[in-house]
Amino acid sequence: MKKTLILMMACLLGLSIVQSSCKKKKDDPEPDPTPTTPVTPAPSLYDRVGGTAMVSDPNNSGQMIEKGRLTLRSVVDSSVFVIAADTAMTKYFGTLLGEVGMGNTTGFAALSKNFTDFLCVATGSKNSAYAYTGKSMKDAHDPSKNSRMGMKVNATDFDRFVGDIGTGLAKNGVTAANNKALVDDLVALLYSTKNDIVQR
Amino acid sequence: MKKRIIIKSLLWTLGISATLFIVLIVHIYMVTKPVKYDNADLQLARIDFRQDLDSAQAVDVQHTVMAMPGIVNVFMNRHDRTLVYGYRQGKQTSEQVYQAVMRSGNYDAERFVLNEKQQSSGCPVMQGKTSFLYSISNGLHELLD
């Protein structure tokens, strides 16, 4: 009995030595003799609009928010007002103006959160708290797969929607005149969803 | 004897069902967390004008609305003749805002009210608030948190 126990302990010790030596080899690879220049990854769009730096949240006193998310949320919130005032968009975004009872989440709050989540992920945020959990863009805009979609979106309305976002950007002080690169990249990001959203 | 077996079976069935139901409720509570919304009480409303507004009138209307308590933001689209504003629920109503605008200039305008069809269709990112699971999990969190 004692012999078996000693043998088992020896086996375990041997196994752990083998395992640790393998790990060391994997973690500490042979140095590459050729000198390389360190590559700094290009900042994501999320980094360029503020990134993960924590700032106080003007909407929730005493709470902090990532600066990148705050920027995107401000743009979304301004854009939602523009969209709600655009009569051509009412057929898609009418629920924004639906009045709900006290204590219920309004259409504005729902759209602001979901669209901000979507933009955070799309611009490169790694914060899991901002994960977009909705349907795929294609399914969400297909009336046969989403009963809330009364009709398919056409290219003209999609362009108009992007224009409204542009107005929202301008209301936040970002225009093609003062930050063309950022506007171009954001517009390109929105247009990357066009094939999925425009279905007629 | 037979009666005893039936009663025993019924009690077991009830017991198992109740246990499974409790497990389901606990599971729903554990895996769903309530979504936290910024500005959850911020309501949008729109006034549609049936007349053109010059820039001075547009500024005047916006100032009138912005000066009211509970108003958060105002946006005027002169091209579409619409005024959109956000207000805090419980601190303002769309009817009061409309009346204030009408008093300020006696405009030809109406309050935009959604019809039933518009209410039940629209942007897909606002879906999911009526599902069975959403109702249960939301109710549970409201009850227990």
Side-chain angles (χ1 to χ4, degrees), chain A residues 57-60 63 65 73 77-78 80-118 129 132-135 137 139-143 145-151 164 167-168 171, chain B residues 32-49 58 62 71-95 97 111-131 134 138 142:
Chain A
D57 185 349
N59 284 359
N60 299 291
Q63 289 186 34
I65 185 172
R73 191 185 69 191
D77 288 357
S78 301
V80 171
F81 274 76
V82 180
I83 289 164
D86 185 345
T87 50
M89 290 287 115
T90 305
K91 56 183 177 279
Y92 302 113
F93 290 96
T95 40
L96 271 177
L97 297 158
E99 296 192 19
V100 296
M102 281 286 285
N104 290 311
T105 305
T106 62
F108 173 86
L111 181 60
S112 170
K113 184 193 177 334
N114 287 306
F115 196 19
T116 305
D117 283 349
F118 176 78
Y132 173 73
T133 54
K135 290 183 176 192
M137 281 295 111
D139 286 353
H141 294 87
D142 181 351
K145 291 184 177 144
N146 182 5
S147 58
R148 282 193 69 85
M149 247 351 247
M151 68 185 84
D164 287 345
T167 307
K171 279 171 72 70
Chain B
T32 58
K33 48 183 181 181
V35 181
K36 195 178 160 290
Y37 292 97
D38 296 320
N39 288 319
D41 64 339
L42 183 61
Q43 176 71 60
L44 287 197
R46 193 170 92 190
I47 294 173
D48 292 353
F49 291 87
Q62 288 181 81
I71 298 294
V72 174
N73 197 2
V74 179
F75 179 74
M76 166 72 83
N77 181 337
R78 276 179 61 205
H79 179 268
D80 285 2
R81 300 169 174 175
T82 55
L83 175 85
V84 168
Y85 54 92
Y87 65 90
R88 298 279 174 211
Q89 287 177 326
K91 290 186 179 164
Q92 195 52 263
T93 68
S94 54
E95 182 58 37
V97 175
R111 202 159 63 87
F112 176 79
V113 181
L114 275 186
N115 60 38
E116 212 169 290
K117 195 183 167 200
Q118 287 167 321
Q119 188 74 46
S120 63
S121 67
C123 181
V125 299
M126 286 177 273
Q127 69 186 343
K129 303 293 179 290
T130 52
S131 72
Y134 177 84
N138 203 37
E142 267 181 26

- Do Glu99(A) side-chain atoms and Leu44(B) backbone N/O form a donor-acceptor pair below 3.5 Å? no
- Message: I need the Arg73(A) CZ to Asn39(B) CG distance, nearest 0.5 Å.
- Response: 7.0 Å
- Distance col, row Thr105(A):OG1 vs Gln43(B):CD, nearest 0.5 angstrom, shows 11.0 Å
- Message: With chain A as the partner, which of Thr82(B), Val74(B), Asp80(B) has the greatest number of non-hydrogen pairs under 4.5 Å?
- Response: Asp80(B)
- Check each atom of Ser112(A) against the heavy atoms of chain B and say whether the ones under 4.5 Å are side chain, backbone, both or neither. neither
- Atom pair OH (Tyr37(B)) and CG (Leu111(A)), whose distance is rounded to the nearest 0.5 Å: 10.5 Å
- Item | Residues in salt bridge (charged side-chain N to carboxylate O under 4.0 Å, His left out) contact with Lys91(B), at least two apart in sequence or another chain | none
- Note on the structure: Residues at least two apart in sequence or cross-chain that pass side-chain hydrogen bond (donor to acceptor under 3.5 Å, both in side chains) with Asn73(B), listed by chain then number, are none
- Query: Do Gln89(B) and Thr106(A) get their side chains close enough for a donor-acceptor pair, meaning under 3.5 Å?
  - Reply: no
- Validation row: Asp77(A), Leu42(B) side chains within 4.5 angstrom (heavy atoms): no
- Message: Please classify the contact of Asp86(A) with chain B as side chain, backbone, both or neither, using a heavy-atom distance under 4.5 Å.
- Response: both
- Which heavy-atom pair separates Phe75(B) from Phe81(A) by the least distance, and what is that distance? CD2-O, 3.8 Å
- Atom OG1 in Thr90(A), atom CG in Asp48(B): separation rounded to 0.5 Å? 7.5 Å
- Query: Which bit of Arg111(B) comes within less than 4.5 Å of chain A, counting heavy atoms only: side chain, backbone, both or neither?
  - Reply: side chain
- Task: Over all heavy atoms of both residues, which pair between Ala109(A) and Ala40(B) is shortest? Give the atoms and the distance, please.
- Result: CB-CA, 3.7 Å
- Item | Structural part of Asp38(B) lying under 4.5 Å from a heavy atom of chain A | both
